[in-house]
Amino acid sequence: DQTVSGALGFLGLDWVEGVRGFQGRALETDVIHTASYAQVSEGLYQRAVGRWRRYQEELDQLMPELQPWIVAGGYDQ
């Protein structure tokens, strides 16, 4: 909850209890208008952690522009 709360705060959004049960709500919804329905209804998972490293060379070129956002999001720690 702390990570999601931090992300919502960064985006200027308030916590709503529905955030906690997003997977159940997605499964109860008749239609989700997105090509990623399977991902929306799957829930949080760990298998994509570090996947960004595949693009590290390309991201290195953008780091000066990304750095302020990395710091603002607390990802520099």
Test of understanding: with salt bridge (Lys or Arg N to Asp or Glu O under 4.0 Å), list the residues that count as partners of Arg47, not counting sequence neighbours. Glu42
Side-chain donor-acceptor distances from residues 52-74 under 3.5 Å, at least two apart:
none

Would you please name every residue forming a side-chain contact (heavy atoms from CB on, under 4.5 Å) with Leu13, sequence neighbours left out?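 In terms of side-chain contact (heavy atoms from CB on, under 4.5 Å), with neighbours along the sequence ignored, Leu13 is linked to Leu8, Leu11.
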Qualifying residues under side-chain contact (heavy atoms from CB on, under 4.5 Å), relative to Gln46, sequence neighbours excluded: Val49
